[in-house]
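Everything on this sheet refers to the single structure shown next.
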2 protein chains.
Amino acid sequence: MAPTSTDADQLQLVKSFERLFALLRRLNPQQDLSLTAASTLRTLERCGPHRLSDLASAEGVTQPAMTQLVSRLERTGLAERQTDPADGRVVVVDIADAGRDLLRQRREARAGKLAALMAELDDADRAAIMAALPAFDRLADLFGDLGQI
Amino acid sequence: MAPTSTDADQLQLVKSFERLFALLRRLNPQQDLSLTAASTLRTLERCGPHRLSDLASAEGVTQPAMTQLVSRLERTGLAERQTDPADGRVVVVDIADAGRDLLRQRREARAGKLAALMAELDDADRAAIMAALPAFDRLADLFGDLGQI
DNA sequence: TATTGTTATACTCTATAACTATA
DNA sequence: TATAGTTATAGAGTATAACAATA
């Protein structure tokens with residue numbers, strides 16, 4: 001978007017992002033993890049341990065829903081509950097080694113599929129996408145991993 | 001990715017896309033539509049009427065799940081069932097005006113939030129993102145709107 | 001008394017299996 | 001007999017409301 005962004009620019013941006021979102025959703029490896037479960041694990045991987053209530057608001061689900069999700073992740077060995085020595089009410093959640101392994105596997109599967117698609121683009125398109133990645137990272141930084149709307 | 005893409009390039013691509021995916025998911029307007037419902041409506045908007053079974057495989061859900069989803073969309077006036085004169089077994093699904101209106105509303109809401117974020121980037125980052133959109137569109141074209149994995 | 005998390009209950013969405021109707 | 005879709009039933013995931021424990 002140029003310094004003076006037009007409605008047409010904004011619409012184009014949203015539509016392209018919508019299609020990209022759909023593509024990435026369809027590139028999702030398996031149904032072994034729900035979208036929220038995978039996203040929660042990624043947040044823990046990227047940002048370290050967090051309180052249960054912070055995770056709930058980060059993922060846009062209620063506290064009871066996160067309680068259940070964390071219980072599921074714990075039961076399957078992907079994450080673990082810890083206590084906060086400073087406040088007995090707090091539950092701190094951390095990713096477990098099995099969780100990191102699973103994320104790595106899923107990432108590799110998706111990387112392969114994406115690479116196959118990218119290989120079909122011409123050099124200019126590939127270069128344009130790779131050139132935009134740092135900007136995307138900064139866009140995501142602005143929003144924050146625990147960001148709300 | 002350069003013509004010769006490295007593992008590091010692929011990992012960077014996937015990680016950036018993962019964060020972008022998370023951002024777009026959190027930018028999602030409301031819970032008025034499930035992710036699959038919204039995606040199905042968008043597919044119908046972009047690509048016109050489709051058979052129920054095609055929609056099911058496009059969205060990666062079973063035929064019974066799509067039967068129920070279409071019933072919900074029909075009950076809420078967002079889509080409608082049509083018959084195929086050439087084959088009495090077939091159900092053709094089309095988006096209704098209310099469905100188009102809803103997609104437009106959601107798109108506007110998301111466009112506003114995205115524009116606010118984009119406004120915080122510097123000119124070079126904004127330009128890099130806008131320059132990559134056509135390449136993203138072609139990437140999505142390669143996969144196809146009804147594409148499988 | 002306020003905050004953090006859990007339990008109880010109900011609803012939405014999805015899957016698998018069995019069925020109906022048309023080809 | 002095969003295909004397109006539906007109905008029946010069960011399970012996962014979520015929300016709201018009520019509760020327990022700690023601050």
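The chains referred to below are lettered A, B, ... by the order of the sequence lines, with proteins before strands, and numbering in each begins at 1. None of these values were measured; they are calculated from a predicted model.
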To the nearest Å, give me how far apart CD (Glu74(B)) and C1' (dG5(D)) are. 13 Å

Whole-Å gap separating P (dA2(C)) and CG (Asp87(A)): 17 Å

More than 12 heavy atoms of other residues, nucleotides or ligands under 6.0 Å from CG of Asp7(A): is that the case? no

Can you give the donor-acceptor pairs under 3.5 Å from side chains of residues 130-138 of chain B to other protein atoms, not counting sequence neighbours?
residue   : atom : partner   : partner atom : Å
Asp137(B) : OD1  : Ser16(A)  : OG           : 3.1
Asp137(B) : OD2  : Gln12(A)  : NE2          : 3.3
Asp137(B) : OD2  : Ser16(A)  : OG           : 3.4
Arg138(B) : NE   : Asp125(A) : OD2          : 2.5
Arg138(B) : NH2  : Asp125(A) : OD1          : 3.0

Are Val90(A) and Val93(A) co-members of a hydrophobic cluster defined by side-chain heavy atoms under 4.5 Å apart? no

Those residues that, when tested against Leu35(B), pass side-chain contact (heavy atoms from CB on, under 4.5 Å) (two or more places apart): Phe21(A), Arg25(A), Leu35(A), Asn28(B)

Can you give me the closest heavy-atom contact between Ala140(A) and Leu23(B), atom names plus distance? CA-CD1, 3.6 Å

At under 4.0 Å between heavy atoms, which parts of nucleotides 5-18 of chain C does protein reach? Answer with one letter per nucleotide, 5' to 3': B base, S sugar-phosphate only, - none. BBB-----SBBBB-

From CG of Asp84(B) over to C1' of dA21(C), roughly how many Å is that when rounded to an integer? 15 Å

